[in-house]
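Have a look at the structure below, then the notes.
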Amino acid sequence: MGKKGREIVEVDVKKLLKLLQKAYADEWIAYYAYKWVADVAHGIESPHMAELADKTADEEEEHADELAERILELGGDLPYGIEKLYDLANCKTVNYPKDLGDIKGILQALAEAEGCAIDVYNKIVKFLGPCYDKDIKTFHLIHHILAEEIKHEEAFENLL
Ligand SMILES: [Fe+2]
Ligand SMILES: [Fe+2]
């Protein structure tokens with residue numbers, strides 16, 4: 001990021017980067033979880049579920065891209081490696097039912113996982129504080145991602 005762009009950030013950048021790197025790891029795990037569900041849903045011929053899972057996976061991937069851009073702008077490292085991502089993630093797994101034909105169980109697990117993502121972004125919004133102008137760009141990014149995670153949870157809950 002340019003000199004001025006960095007100067008106007010008035011939060012503890014080290015702490016913020018840690019939060020963003022952890023969220024980045026969460027997004028990759030979420031992306032994988034949705035691609036996996038989409039494959040399962042194709043297998044059990046549940047096209048609506050497959051379509052929703054694929055669409056959600058695309059949005060999680062977009063979140064990862066957006067977080068990556070901001071992490072690099074703030075001068076942070078981008079975590080690399082499956083084990084590293086797993087270590088960093090706040091929401092490490094989705095508690096899928098054993099019976100993969102249990103669509104309701106899958107939907108419940110996904111709604112719960114979105115609940116975890118909502119907590120992650122809500123925490124970052126709170127970290128950035130009521131004075132959102134301390135880091136406007138990150139604030140808007142997190143605000144945008146949080147809104148999409150809320151939409152995801154709602155989408156899965158509505159199918160229950
Ligand atoms: Fe996400
Ligand atoms: Fe999500």
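Just so you know, ligand 1 is whichever comes first in the structure, and atom 1 is the first atom listed for that ligand. Here the structure is a predicted model, which means the values were calculated and not measured. Below, each value reflects all heavy atoms present in this structure, side chains not excepted, and no hydrogens, waters or symmetry copies.
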Next on the checklist: Assess, by modelled atom type and distance only, whether the side chains of W28 and Y32 contain a donor and an acceptor separated by less than 3.5 Å.
Outcome noted: no
Item to check | Any I8 side-chain heavy atom under 4.5 Å of D133 side chain | outcome: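 Counting from C-beta outward, I8 and D133 never come under 4.5 Å.
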Next on the checklist: Are D135 and R70 packed together at the side-chain level, in the sense that at least one heavy-atom pair is separated by less than 4.5 angstrom?
Outcome noted: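 Side chain of D135 against side chain of R70, heavy atoms only: contact under 4.5 Å found.
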Checklist entry - If waters are left out, how many protein N/O/S atoms lie within less than 2.8 Å of the Fe ion (ligand 1)? => result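 If we list every protein N, O or S atom nearer than 2.8 Å to the Fe ion (ligand 1), we get 5.
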Checklist entry - Looking at the Fe ion (ligand 2), is one of the N, O or S atoms of E114 less than 2.8 Å from it? => result yes
Checklist outcome for this item: E69 meets the salt bridge (Lys or Arg N to Asp or Glu O under 4.0 Å) criterion, sequence neighbours left out, with K137
Checklist entry - Who else is in Y86's hydrophobic cluster (ILVMFWY, side-chain heavy atoms under 4.5 Å, direct or via others)? => result I29
Taking only distance into account, with no hydrogens and no angle test, what donor-acceptor pairs under 3.5 Å do side-chain atoms of residues 151-160 form with protein atoms, sequence neighbours excluded?
residue : atom : partner : partner atom : Å
K151    : NZ   : E59     : OE1          : 3.2
K151    : NZ   : E59     : OE2          : 3.2
H152    : ND1  : E60     : OE2          : 3.2
H152    : ND1  : E114    : OE2          : 3.4
H152    : ND1  : E149    : OE1          : 3.1
H152    : NE2  : E59     : OE1          : 2.6
N158    : ND2  : E154    : O            : 3.4

